[in-house]
Amino acid sequence: MASQGFSVYVGNAPYQTSEDEIGSFFSNVGHVTNVRIVCDRETGRPRGFAFVEFADEAGAQRAVNELNGADFNGRQLRVNLASR
DNA sequence: GATGAGCGG
């Protein structure tokens, strides 16, 4: 089961991080097609996590295997397969 | 001018 797409959940990221920074960081393990930082719709504040979309599933899983727990801007990055 | 949950429209 688990028909998860090529989206990867990125958590524990610094609030001052931009999509370009994340895209460049995840582009090292695969081809990033889109990067989306999740913000609260009601308050407009960043929730502290983002989503990275890959062109291939291999890149997504590679990101989880390589960038999960990696040090990003002084914070340990959390990478996992997205549920959506 | 400020936050820490963790899955977005």
Side-chain angles (χ1 to χ4, degrees):
Chain A
M1 35 279 233
S3 302
Q4 284 152 312
F6 314 127
S7 303
V8 181
Y9 165 78
V10 184
N12 200 38
Y15 294 114
Q16 55 186 18
T17 307
S18 304
E19 299 177 342
D20 183 74
E21 298 295 317
I22 300 178
S24 180
F25 191 79
F26 279 78
S27 186
N28 292 286
V29 292
H31 194 253
V32 180
T33 56
N34 194 340
V35 181
R36 185 198 343 270
I37 296 181
V38 180
C39 303
D40 197 296
R41 184 185 66 92
E42 326 242 351
T43 61
R45 294 177 184 164
R47 269 187 159 178
F49 65 97
F51 286 95
V52 180
E53 193 170 349
F54 283 85
D56 294 285
E57 189 180 44
Q61 292 189 60
R62 190 174 302 158
V64 178
N65 286 278
E66 297 297 316
L67 303 180
N68 185 25
D71 185 79
F72 188 73
N73 284 6
R75 300 257 153 106
Q76 196 172 63
L77 221 59
R78 294 191 182 182
V79 184
N80 261 295
L81 296 177
S83 311
R84 292 186 164 177

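Just so it is clear, the structure is predicted and the values come from calculations on it, not from any experiment. Worth knowing before you read on, the calculation uses all heavy atoms, side chains too, and leaves out hydrogens, waters and symmetry mates. Reminder, nothing fancy here: chain letters follow the sequence lines and each chain counts from 1.
- A/A60 and A/F6 make their closest contact through CB-O, 3.9 Å (heavy atoms, listed as atom of the first residue, atom of the second, distance).
- Of all nucleotides in DNA chain B having an atom under 4.0 Å from a heavy atom of chain A, the first and last in 5' to 3' order are B/dT3 to B/dG9.
- Within a heavy-atom distance below 4.0 Å of DNA chain B, the residues of residues 39-60 of chain A found are A/C39, A/P46, A/R47, A/G48, A/F49, A/F51.
- Closest of all the heavy-atom pairs between A/E19 and A/R36 is OE2-CA, 3.9 Å.
- Across all strands shown, A/L81 has heavy atoms under 4.0 Å from base atoms, whether or not it also approaches the sugar-phosphate.
- Smallest separation of non-hydrogen atoms from A/N68 and A/V79: OD1-N, 3.0 Å.
- A heavy-atom distance below 4.5 Å is not found between the side chains of A/R78 and A/V10.
- The ring pair (Phe, Tyr, Trp, His ring centres under 6.0 Å) contacts involving residues 26-46 of chain A comprise nothing, where partners must be two or more places apart or lie in separate chains.
- In textbook terms, a nucleotide whose glycosidic angle is within 90° of 0 is syn, and B/dG6 is one such case.
- Clustering ILVMFWY residues whenever any of their side-chain heavy atoms sit less than 4.5 angstrom apart, transitively, puts A/F54 in the very cluster that holds A/L67.
- Here the shortest heavy-atom pairing between A/I22 and A/A50 reads CD1-CB, 3.9 Å.
- Take A/T43 and apply the side-chain contact (heavy atoms from CB on, under 4.5 Å) test, not counting sequence neighbours, and it matches A/D40, A/R45.
- Every residue two or more places apart in sequence or in another chain that forms a side-chain contact (heavy atoms from CB on, under 4.5 Å) with A/V38 is listed here: A/R47, A/F49, A/F51.
- Checking side-chain atoms of A/R62 against main-chain N and O of A/V29 turns up a donor-acceptor pair under 3.5 Å.
- Of the residues in residues 12-22 of chain A, those lying under 4.0 Å from DNA chain B by heavy-atom distance are A/N12, A/A13, A/Y15.
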